[in-house]
Amino acid sequence: MSELLSDAARDVMLKPLIDNGWVMVPDRDAIRKTYEFPGFVEAFGWMTQAAIWAEKWNHHPEWSNVYGRVDVVLTTHSVGGLSALDAKLARKFDSLEGAS
Ligand SMILES: C[C@H](O)[C@H](O)[C@H]1CNC2=NC(N)=NC(=O)C2=N1
């Protein structure tokens, strides 16, 4: 069962993500990042890898894709805000081939 991140956990878990291009979404307890790829094939290839991890961990992004751009928002719907699963998925997404 997920729970909302405590203030202390936010300092530890969100700081490295913010340093790596994630930003807080205004008026929501969520983080977002835009990934840029050379084109659609690379973007969709990254999304395919990301989708496999999301399904494996039963934690799914809100995302959209336009050609080589993928906009990702992470939050935990069941708790109404950020949980450790969002940080874990964000780290995984950043580690996938082609992500910058
Ligand atoms: C039934 C299923 O386990 C839930 O709906 C899962 C699926 N994926 C999810 N993803 C996210 N981001 N938040 C959730 O609360 C969530 N819940």
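These values consider heavy atoms only, across backbone and side chains, with no hydrogens, waters or symmetry-generated copies. Since this is a predicted model, take the numbers as computed values, not measurements. All ligand and atom numbering here is 1-based and tracks the order in the structure.
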Report task. Name the option, out of Ser78, Ala54, Ala30, that contains the heavy atom nearest to atom 15 (O) of ligand 1. Result -> Ser78
Query - Beyond-backbone contact of Met47 with Trp63, side-chain heavy atoms, under 4.5 angstrom - result: yes
Report summary line: The closest protein heavy-atom partner of atom 14 (C) of ligand 1 is His77 N, 3.6 Å
Report task. Kindly indicate whether atom 17 (N) of ligand 1 is approached by any protein heavy atom to under 4.0 angstrom. Result -> no
Query raised in the report: Does the protein put any heavy atom within less than 4.0 Å of atom 1 (C) of ligand 1?
Result: no
Query raised in the report: So, Trp53 versus Phe93, ring centres under 6.0 angstrom or not?
Result: no
Query - Region of Thr75 engaging ligand 1 - heavy atom pairs below 4.0 Å - result: backbone
Query raised in the report: What is the nearest protein non-hydrogen atom to atom 8 (N) of ligand 1, stated with its residue, atom name and distance?
Result: His60 ND1, 2.8 Å
Requested in this report: May I ask you to decide whether Asp86 forms a salt bridge with Lys88, counting only side-chain N to carboxylate O separations under 4.0 Å?
Outcome: no
**Report entry** Nearest candidate to atom 4 (C) of ligand 1, where distance is taken over non-hydrogen atoms, out of Val73, Asn58, Val79
**Finding:** Asn58
**Report entry** Side-chain touch Ile31/Val25, heavy atoms, less than 4.5 angstrom
**Finding:** no
**Report entry** Side-chain ion pair, Lys15 and Asp11, N-O less than 4.0 Å
**Finding:** no
Requested in this report: Considering only NZ, NE, NH1 and NH2 on the basic side and carboxylate oxygens on the acidic side, decide whether Lys33 and Asp94 come within less than 4.0 Å.
Outcome: yes
